[in-house]
Amino acid sequence: MRVRYEKRGRVAHVTFNRPEVLNAMDLATHEELSRVWDDFEADDDLWVAVLTGAGDRAFSVGQDLKELAVLNENGTARPSTFGSRGKPGWPRLTERFSLAKPVIAKVNGYALGGGFEIALACDLIIAADHATFGLPEARLGLIPGAGGVFRLTRQLPYRTAMGLLITGRRLSAAQALEYGLVNEVVPGEELDACVDSWVADVLNCAPLSVRAVKEAAQTSANLPLERAFATRYVWEERRMHSEDALEGPLAFADKRPPRWRGR
């Protein structure tokens with residue numbers, strides 16, 4: 001089993017489970033992950049996911065380059081560029097643009113290459129203080145094709161992003177926090193508790209509100225403000241007409257915690 005998938009209450013815990021290779025992702029891993037994300041998206045009882053890597057050395061170091069070398073050698077590898085369409089596990093998390101449920105990356109160790117790209121596709125990143133981030137693809141004759149080129153230049157100032165992309169330089173957790181790429185950095189022994197506190201805060205919010213916010217933020221990111229207001233948001237329409245939209249103000253008026261139902 002290359003991916004561990006556990007459901008605990010409202011939370012899906014997804015773990016890259018190849019610690020012996022620093023949680024490198026081979027094609028079989030992507031196939032397993034695709035099934036996991038399909039289930040997470042379809043399960044109405046799950047409101048948030050936490051994605052991490054087994055062990056304390058790596059979140060993931062990205063593509064399994066040993067597997068790629070073998071595929072190249074025997075001639076079965078196809079030339080690769082941006083995106084995963086037509087490859088095992090499509091659509092991968094980096095291309096699940098309609099996934100409205102929040103995903104939190106818990107980074108304990110290396111998040112390199114495709115591992116960093118997956119973290120960048122998550123909504124929150126919580127990192128241990130020994131975490132290391134980087135996109136070394138250019139040093140390997142490759143390209144950050146799982147969204148790293150696109151997301152890093154959107155999430156950082158252009159020259160800062162380019163400085164990382166065209167050199168393969170690495171970022172410490174402290175630098176990532178300074179640049180605003182991660183939400184919080186804590187000592188490794190405090191990482192689980194820190195992530196749990198973020199999960200608790202997410203679950204204290206109405207799930208449909210969270211999904212509506214995520215959808216609207218992603219959809220409107222490159223729209224003029226006037227168009228952002230005028231755009232149709234599917235999850236906002238669901239929230240607007242939901243029981244939870246009535247429950248929130250009622251609970252406030254009654255001075256009690258709201259009872260969210262996700263509908």
Side-chain angles (χ1 to χ4, degrees), residues 2-3 14-30 32-33 50-72 77 80-84 87 89 92-95 103-156 160-186 188 191 195:
R2 287 166 164 77
V3 180
V14 184
T15 306
F16 301 118
N17 192 33
R18 303 183 75 206
E20 70 282 359
V21 290
L22 300 179
N23 298 312
M25 293 175 286
D26 59 7
L27 297 179
T29 300
H30 286 298
E32 288 188 26
L33 280 169
V50 175
L51 176 62
T52 193
D56 59 3
R57 298 176 61 203
F59 175 77
S60 172
V61 294
Q63 185 175 13
D64 188 329
L65 295 179
K66 290 184 178 180
E67 179 188 58
L68 178 59
V70 170
L71 295 175
N72 284 335
S80 179
T81 184
F82 297 111
S84 62
K87 303 175 186 176
R92 299 173 185 176
L93 181 63
T94 49
E95 293 168 81
V103 181
I104 300 173
K106 180 170 70 173
V107 179
N108 195 12
Y110 294 113
L112 302 177
F116 189 17
E117 291 178 291
I118 287 177
L120 289 171
C122 294
D123 303 292
L124 305 175
I125 302 177
I126 316 301
D129 55 8
H130 65 276
T132 302
F133 302 88
L135 294 170
E137 283 85 349
R139 297 187 178 197
L140 300 164
L142 304 173
I143 194 168
V149 171
F150 309 130
R151 287 191 169 93
L152 205 64
T153 50
R154 284 164 167 77
Q155 296 179 25
L156 287 178
T160 303
M162 288 300 290
L164 298 170
L165 287 164
I166 67 173
T167 67
R169 289 184 178 184
R170 295 182 179 184
L171 280 174
S172 68
Q175 288 173 309
L177 181 64
E178 180 183 354
Y179 290 161
L181 279 177
V182 303
N183 296 86
E184 191 166 354
V185 173
V186 295
L191 184 59
V195 171

Tell me, please, which residues at least two apart from Phe16 pass ring-ring contact (aromatic ring centres under 6.0 Å, His included).
Phe59

Going through the checks in order, is the side chain to side chain contact (heavy atoms under 4.5 Å, CB included) test met by Val182 and Val107?
CA-CA 10 Å; Val182 303; Val107 179; over 6 Å; no

Side-chain donor-acceptor contacts of residues 115-126 below 3.5 Å, not counting sequence neighbours, with atom names and distances?
{"residue": "Glu117", "atom": "OE2", "partner": "Gly145", "partner atom": "N", "Å": "3.4"}
{"residue": "Glu117", "atom": "OE2", "partner": "Ala146", "partner atom": "N", "Å": "2.8"}
{"residue": "Glu117", "atom": "OE2", "partner": "Gly147", "partner atom": "N", "Å": "3.3"}
{"residue": "Glu117", "atom": "OE2", "partner": "Gly148", "partner atom": "N", "Å": "2.8"}
{"residue": "Asp123", "atom": "OD1", "partner": "Lys214", "partner atom": "NZ", "Å": "3.4"}
{"residue": "Asp123", "atom": "OD2", "partner": "Val103", "partner atom": "N", "Å": "2.8"}
{"residue": "Asp123", "atom": "OD2", "partner": "Lys214", "partner atom": "NZ", "Å": "2.9"}

Report the C-alpha distance between Gln175 and Phe133 in whole Å, list the side-chain angles of each, state the deciding distance to 0.1 Å, and finish with yes or no for side chain to side chain contact (heavy atoms under 4.5 Å, CB included).
CA-CA 9 Å; Gln175 288 173 309; Phe133 302 88; over 6 Å; no

Using side chain to side chain contact (heavy atoms under 4.5 Å, CB included), reason through Lys66 and Val21 one step at a time and then give a plain yes or no.
CA-CA 10 Å; Lys66 290 184 178 180; Val21 290; over 6 Å; no

Within a strict 4.5 Å, meaning less than it, do heavy atoms of the Leu181 and Leu152 side chains meet?
yes

State, with a plain yes or no, whether a side-chain heavy atom of His130 is found less than 4.5 Å away from one of Asn108.
yes

Has the side chain of Arg169 got a donor or acceptor atom that lies under 3.5 Å from a matching backbone atom of Gly134?
no

Taking all atoms of both residues into account, what is the closest heavy-atom pair of Arg139 and Thr167, and its distance?
NE-O, 2.6 Å

Going by heavy atoms in the side chains, are Thr52 and Val195 under 4.5 Å from each other?
no

Are His30 and Ser84 side-chain neighbours, meaning at least one heavy-atom pair lies under 4.5 Å?
no

So, for Thr132 and Leu112, which heavy atoms are closest and what is the spacing to 0.1 Å?
O-CD2, 4.0 Å

Which atom names give the shortest non-hydrogen contact between Ala128 and Ala173, and what distance separates them?
O-CB, 3.4 Å

Search all heavy atoms of Ser60 against all heavy atoms of Gly62 and return the closest pair with its distance.
OG-N, 3.0 Å

Quick check: do Leu165 and Leu135 have side-chain heavy atoms less than 4.5 Å from each other?
yes

Checking Val61, Val3, Asp26 against Arg18 for side-chain contact (heavy atoms from CB on, under 4.5 Å), the one that qualifies is Asp26

Tell me if a side-chain donor or acceptor on Asn23 pairs with a main-chain N or O of Ala54 at a distance below 3.5 Å.
yes

Please report the C-alpha distance between Leu33 and Leu93 in whole Å, then the side-chain angles of each, then the deciding distance to 0.1 Å, and finally whether the side chain to side chain contact (heavy atoms under 4.5 Å, CB included) criterion is met.
CA-CA 8 Å; Leu33 280 169; Leu93 181 63; over 6 Å; no

More than 12 heavy atoms of other residues, nucleotides or ligands under 6.0 Å from CZ of Arg2: yes or no?
yes

Straight-line distance of Leu164 CG to Thr153 OG1, nearest 0.5 Å
11.5 Å

Checking Arg92 side chain against Lys87 main chain: does a donor-acceptor pair fall under 3.5 Å?
no

Nearest heavy-atom contact between Gly114 and Met25 is C-CE, 3.9 Å

